[in-house]
> 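Below: one structure in structure tokens.
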Amino acid sequence: MLFHLNNKGIFMIVLDSVAMSYGSRTLFENVTISFNEGNRYGLTGPNGAGKSTLLKIIMGQKDPTTGHIKLPPKVGFLRQDIEYFKKFRVLDVVIMGNQRLFDAFQERDRLYDVEMTDDIGMRLGELEEIVADEDGYSAEANAEILLLGTGIDSEFHEKVMSEVPLDLQFRILLCQALFGNPGALILDEPTNHLDMKSIRWLESFLVEYKGTLILVSHDRHFLNAVTTHIADIDYETVIIYPGNYDQMVLAKTAVRNRTEHEEKSKEKKIARLQEFVSKFGAGTRASQVQSRKKEIARLQPQDLKQSNIQRPYIALEQSDQLPGRIVLRAKKISKSYEPEVEVIKPFNLEIHRGDKVGVIGNNGMGKTTLLKMLAQVMEPSSGEVSLGHQVKLAYFPQNHADLVDKSEKTPIFDWLRSRRDGVYDQEIRGALGRMLFPGDDAFKSVSSLSGGETARLILAGMMLQEHNIILLDEPNNHLDLEAVSALADGLKKYKGTVLVVSHDQDLIGLVAEKIIAFEEDGSCRFFDGTLEAYNKTNV
């Protein structure tokens, strides 16, 4: 149940005794917390913990099992269904952030096109009152101010969304969430589909936001840069920690270790007391025995709820067949989809055995196209790509459907068997277990998998394959923070060669020792150094 806090100037979000269960499974129970004005909360927990469910409950899109929510009068919510808006004018998409106002505009425009009657005239008067109440006469001007402030030039304002670059479309949806000066802002994975430049812009923007912010993100660097608090879904509840994500992990680990230590101390003390009771229970020291029995009852350890944090283990083994010094060479490769649209200008590249290369650049500049050509799943328009001696290549595509046909009912066990000839069932079971597919999950159909599960399945397949160079295109999309961290560890320890495309600064920073950068002038630059060193050259 939703209530709106109408007190002027109060913009907190309050959860009162909120619980959510599905059958016998409890996501969280008896959650009573406040998200306060001026604070920026990161909502964390592994895939399936209930982050998106909790956001939907807060927004009134889903009813909790028990409890109710109190909200400010206006709450901005970042929509994810970008396809829905493709045919709408950019200014109208922003104004949709105030649905009451937008609906009034739509109905008013329809009624002005029909024959006037007394009833229609009365309804038009009611609609004009709504427009006035919602500051509708300044709506387009206010929307333009937001768009310009977020770097969207006026040339785009009258266009339909489909005519606007994808990264700008997500900025437009952010403007929609902000329209009407909401007292609270709720963002679910706001960095999805944003390049590094856009992510840095969003970081700066949110740090300046004065209302109550709740956001979900799998990007640890982004969470650390933006948040003042972490609301962590674990132990079937929501616990708020002060500080950013890294500070939360330290505090949470310390609390858990301290609790476990206290429980072990209790167990040792109980054992000593029980030894006394057993020794003197039938003797003359009855009062002392009774005292110790009471102490044993008081010290009985409580059942500690299990953490829902699960971290996969990604172990990528290089093939026994080592390649030559040069594992991949591209000579004057270019790609054009139309004669006048050259995505990649002629480009030379030489990758050596053991290189760890990060591929970065703004959206639409050709990163995925480059990786597809290097993986030899796409032909260049000119030039050639050649693999070195004894090279065995594995490829993780950005579009999972390029590798996993979700229309089929193939069990994931059988899909993994197809990744390598002669693989043993025990090896498949091991890969499934390390990627958090226990027991009967092996018989899940690939068509039933979520985005995160599909990404983990592809990584499980890569652990079974024979390879000495791996190419990964946005592998962190759909993975939770624990899985991204495990992926970074696995790539760092891998003895072979890695090329990885990502907007995740932590992933590139931890893995890459060299950088391929798509520059703003359309050129492609090879930089022999880390992301940190590259960024210093572009200050």
Side-chain angles (χ1 to χ4, degrees), residues 82 151 156 162-171 191-201 219 327-351 355-387 393-403 469-477 497-505 507-509 511-531 534-535 537-538:
I82 199 165
F156 294 111
S162 60
E163 297 174 337
V164 177
L166 185 63
D167 59 327
L168 296 188
Q169 290 183 45
F170 280 94
R171 290 194 188 189
T191 62
N192 276 0
H193 309 289
L194 295 184
D195 52 43
M196 284 187 179
K197 180 180 179 181
S198 299
I199 291 170
R200 286 195 293 269
W201 166 85
D219 186 328
V327 295
L328 190 152
R329 179 183 280 127
K331 291 184 178 179
K332 296 184 178 179
I333 58 169
S334 68
K335 188 64 181 179
S336 300
Y337 290 106
E338 298 176 22
E340 68 276 10
V341 182
E342 189 176 44
V343 178
I344 295 180
K345 299 176 181 179
F347 177 60
N348 293 318
L349 179 67
E350 195 171 87
I351 302 297
D355 280 349
K356 302 285 179 70
V357 184
V359 184
I360 63 173
N362 292 343
N363 285 332
M365 299 197 73
K367 301 185 300 298
T368 292
T369 298
L370 174 64
L371 219 66
K372 283 184 174 182
M373 291 192 294
L374 297 181
Q376 298 187 323
V377 298
M378 177 186 286
E379 290 290 331
S381 300
S382 64
E384 63 176 0
V385 174
S386 59
L387 299 180
L393 185 147
Y395 174 52
F396 186 114
Q398 182 178 19
N399 184 359
H400 297 164
D402 291 347
L403 199 58
I469 178 173
I470 52 180
L471 277 59
L472 306 101
D473 191 0
E474 297 288 1
N476 50 297
N477 282 356
T497 306
V498 175
L499 273 79
V500 55
V501 173
S502 181
H503 299 307
D504 189 311
Q505 296 180 63
L507 180 62
I508 295 292
V511 174
E513 297 163 357
K514 299 180 180 180
I515 299 293
I516 296 174
F518 284 77
E519 307 282 6
E520 292 191 6
D521 63 2
S523 64
C524 208
R525 173 187 176 193
F526 188 87
F527 179 78
D528 190 358
T530 64
L531 178 63
Y534 170 79
N535 286 335
T537 68
N538 287 272

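Keep in mind that the numbers below use all heavy atoms, side chains included, and drop hydrogens, waters and symmetry copies. Residue indices begin at 1 and follow the sequence shown. The shown structure was predicted, so the numbers you read here are calculated from the model rather than taken from an experiment.
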> Atom CD in Gln505, atom CG in Asp219: separation rounded to 0.5 Å?
7.0 Å

> First locate atom CG of Leu328, then atom CG of Leu471, and finally report the distance between them rounded to the nearest 0.5 Å.
7.0 Å

> So Tyr534 and Ile360, do their side chains get closer than 4.5 Å, heavy atoms only?
yes

> So do Arg329 and Asn348 actually touch side chain to side chain, heavy atoms under 4.5 Å?
no

> Show the nearest heavy-atom pair for residues Ser381 and Ser336, with the distance to one decimal.
OG-N, 2.9 Å

> With side chain to side chain contact (heavy atoms under 4.5 Å, CB included) as the criterion, how do Lys514 and Phe526 come out once you've worked through the C-alpha distance, each side chain's angles and the decisive distance to 0.1 Å?
CA-CA 8 Å; Lys514 299 180 180 180; Phe526 188 87; 3.7 Å; yes

> So which heavy atom on Val359 is nearest to which on Ile508, and how close?
N-CD1, 4.4 Å

> For the CD atom of Glu342 and the OH atom of Tyr337, what is their distance to the nearest 0.5 Å?
12.0 Å

> Taking side chain as C-beta onward, heavy atoms only, is Val357 less than 4.5 Å from Val500?
no

> Side chain to side chain donor-acceptor pair (under 3.5 Å), that's the test. Do Thr368 and Asp473 meet it? Break it down for me.
CA-CA 7 Å; Thr368 292; Asp473 191 0; 2.7 Å; yes

> List the atom of Gly366, the atom of Ile344, and the distance in Å for their closest heavy-atom pair.
O-CD1, 3.5 Å

> For the residue pair Phe170 and Thr191, establish whether any side-chain heavy-atom pair is separated by less than 4.5 Å.
no

> Return yes if a side-chain donor-acceptor contact under 3.5 Å exists between Ser382 and Ser334, otherwise no.
yes

> To the nearest 0.5 Å, tell me how far Glu379 CD sits from Ile333 CD1.
11.0 Å

> Just wondering, do Val498 and Ile469 contact through their side chains at under 4.5 Å, heavy atoms?
no

> Are the side chains of Phe347 and Lys332 in touch, meaning some heavy atoms are under 4.5 Å apart?
no

> Check the surroundings of atom NZ in Lys372: do more than 12 heavy atoms from other residues, nucleotides or ligands lie under 6.0 Å from it?
no

> Any side-chain heavy atom of Phe518 sitting closer than 4.5 Å to one from Lys367?
yes

> Quick one: CG on Asn399 to CD on Glu474, what's the gap to the nearest 0.5 Å?
12.5 Å

> Begin with the C-alpha distance, continue with both residues' side-chain angles, and end with the deciding distance and a verdict on side chain to side chain contact (heavy atoms under 4.5 Å, CB included) for Thr369 and Met378.
CA-CA 8 Å; Thr369 298; Met378 177 186 286; 3.9 Å; yes

> Taking all non-hydrogen atoms of both residues into account, name the closest pair between Leu507 and Ser502 and its distance.
CD2-OG, 3.8 Å

> Counting distance only, does the side-chain N/O of Gln169 pair as donor-acceptor with the main-chain N or O of Ser162 below 3.5 Å?
no

> Any non-hydrogen side-chain atom of Met365 less than 4.5 Å from a side-chain atom of Glu519?
no

> Salt bridge check: are Glu513 and Lys356 linked by an N-O gap of less than 4.0 Å?
no

> Heavy atoms only: give me the nearest Pro475-Phe396 pair and the separation to one decimal.
CA-CE2, 3.5 Å

> Could you measure the distance from the CD1 atom of Ile515 to the OG1 atom of Thr537? Nearest 0.5 Å is fine.
10.0 Å

> Assess whether side chain to side chain contact (heavy atoms under 4.5 Å, CB included) is satisfied between Leu374 and Leu499, documenting all intermediate values.
CA-CA 10 Å; Leu374 297 181; Leu499 273 79; 3.6 Å; yes

> Do Thr497 and Asp355 pass the side chain to side chain donor-acceptor pair (under 3.5 Å) test, and can you show the C-alpha distance, the side-chain angles, and the key distance before you say yes or no?
CA-CA 5 Å; Thr497 306; Asp355 280 349; over 6 Å; no

> Consider side chain to side chain contact (heavy atoms under 4.5 Å, CB included). Of Leu403, Val377, Leu371, which one does Pro397 pass it with?
Leu403

> Between Ile470 and Leu393, does a side chain to side chain contact (heavy atoms under 4.5 Å, CB included) hold up when you go through it step by step?
CA-CA 6 Å; Ile470 52 180; Leu393 185 147; over 6 Å; no

